[in-house]
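Reviewing the structure listed below.
Just follow the structure's listing: the first ligand is 1, and inside any ligand the first atom is 1. Quick note: residue numbers are just sequence positions, from 1. Everything quoted here is computed from the prediction, not taken from an experiment. Keep in mind that the numbers below use all heavy atoms, side chains included, and drop hydrogens, waters and symmetry copies.
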Amino acid sequence: MKAIYPGSFDPITNGHLDVIERTVKLFNEVIIAVLSNQDKEGFISIKDRIELVKESVKDLKNVTVESFSGLTVKYAKERGANVIIRGLRAPSDFEYELEMSQINYFLSNGLETLFIMTNPKHSFIRSSRVKEVAGLGGDIKDFVPLPVYKYLYQKMLLKK
Ligand code: PNS
């Protein structure tokens, strides 16, 4: 079975990494699919986001990191994935994720979404907060994989 884990990963956090490490134990192959949105580059370029995800998962087997644009379900089908993976941090994530999984199920004629409940120690971590805290000089060491920590630290220093 092949799983696809789509997201913005702007940047990848320890919460994402926890979901990936647990997904790897359930599937033969895991594709991490970084959404490349032409209209919205975001704070970290797609190229750098992919590089950071690759560095963060380099010790995991059977994981590939790719970028995609367009519909997630279309890309999942092209890549032969059987299941979409999403993490749930808190009940507040549920409404959005429920709707997305239902749309995806409908659009794909039956592609299932499997939810991994985030480890509580990561449940308050989101990429936007990480960037905010880093931008204001807070310590993000415990929130992100080491390559992301180094990258953001450099980027914030250059901005000063
Ligand atoms: O990390 P994110 O930003 O929560 O990920 C959201 C993502 C990339 C999974 C979602 O926006 C997505 O699937 N975008 C691709 C476009 C698409 O398929 N839209 C229909 C389902 S909402």
Side-chain angles (χ1 to χ4, degrees), residues 1-24 26-27 29-57 60 63-135 140 142-145 147-149 151-152 155:
M1 291 276 275
K2 194 192 274 192
I4 186 163
Y5 181 31
S8 306
F9 302 102
D10 185 24
I12 183 170
T13 66
N14 283 345
H16 292 124
L17 197 56
D18 173 52
V19 169
I20 295 164
E21 283 167 354
R22 290 158 64 187
T23 303
V24 163
L26 302 174
F27 293 89
E29 204 181 325
V30 178
I31 299 167
I32 305 175
V34 182
L35 178 68
S36 150
N37 189 339
Q38 252 47 333
D39 316 327
K40 215 177 88 196
E41 177 72 337
F43 179 68
I44 303 173
S45 70
I46 300 296
K47 185 174 155 283
D48 288 356
R49 280 187 229 177
I50 292 171
E51 199 46 49
L52 290 170
V53 176
K54 280 187 178 164
E55 284 176 38
S56 305
V57 302
L60 295 174
V63 174
T64 52
V65 185
E66 303 169 4
S67 74
F68 79 104
S69 56
L71 287 175
T72 292
V73 289
K74 192 163 169 273
Y75 189 67
K77 194 170 173 202
E78 274 169 31
R79 301 292 290 108
N82 316 92
V83 171
I84 296 174
I85 299 292
R86 293 287 290 170
L88 275 182
R89 284 168 299 207
S92 52
D93 282 342
F94 182 72
E95 254 180 74
Y96 170 74
E97 293 295 338
L98 173 71
E99 197 181 291
M100 192 156 70
S101 67
Q102 287 172 329
I103 290 178
N104 284 338
Y105 187 82
F106 185 85
L107 289 174
S108 63
N109 239 331
L111 188 66
E112 295 290 357
T113 301
L114 180 76
F115 292 101
I116 304 271
M117 307 304 152
T118 307
N119 185 318
K121 71 179 178 193
H122 301 310
S123 62
F124 58 91
I125 302 174
R126 63 175 70 236
S127 301
S128 54
R129 285 267 177 266
V130 164
K131 286 178 286 188
E132 184 184 344
V133 172
I140 54 157
D142 293 332
F143 305 160
V144 292
V148 177
Y149 174 71
Y151 176 90
L152 282 180
K155 208 166 164 98

Set of ring-ring contact (aromatic ring centres under 6.0 Å, His included) partners for Phe68, sequence neighbours left out: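 So Phe68 forms a ring-ring contact (aromatic ring centres under 6.0 Å, His included) with Tyr75.
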Val144 side chain reached by Ile12 side chain, heavy atoms, under 4.5 Å: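 The answer is no, as the side chains (C-beta and beyond) never meet within the 4.5 Å cut-off.
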Thr13 vs Phe143 side-chain heavy atoms within contact, under 4.5 Å: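 Not in contact.
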What does the N/O contact table under 3.5 Å look like for ligand 1?
{"residue": "ligand 1", "atom": "1 (O)", "partner": "Ser8", "partner atom": "N", "Å": "2.9"}
{"residue": "ligand 1", "atom": "3 (O)", "partner": "Ser8", "partner atom": "OG", "Å": "2.5"}
{"residue": "ligand 1", "atom": "4 (O)", "partner": "Arg86", "partner atom": "NH2", "Å": "2.8"}
{"residue": "ligand 1", "atom": "5 (O)", "partner": "Arg86", "partner atom": "NH1", "Å": "3.3"}
{"residue": "ligand 1", "atom": "13 (O)", "partner": "Thr72", "partner atom": "OG1", "Å": "2.5"}
{"residue": "ligand 1", "atom": "18 (O)", "partner": "Thr72", "partner atom": "N", "Å": "2.9"}

Residue pairs passing the salt bridge (charged side-chain N to carboxylate O under 4.0 Å, His left out) test where at least one lies in residues 82-91, sequence neighbours excluded: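 Qualifying pairs: Arg86-Glu97, Arg89-Asp93.
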Salt bridge (charged side-chain N to carboxylate O under 4.0 Å, His left out) contacts in which one or both residues fall within residues 120-130, not counting sequence neighbours: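 Qualifying pairs: Arg129-Glu132.
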Considering all heavy atoms, the nearest Arg49-Ile44 contact: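 Reported closest heavy-atom pair: NE-O, 2.9 Å.
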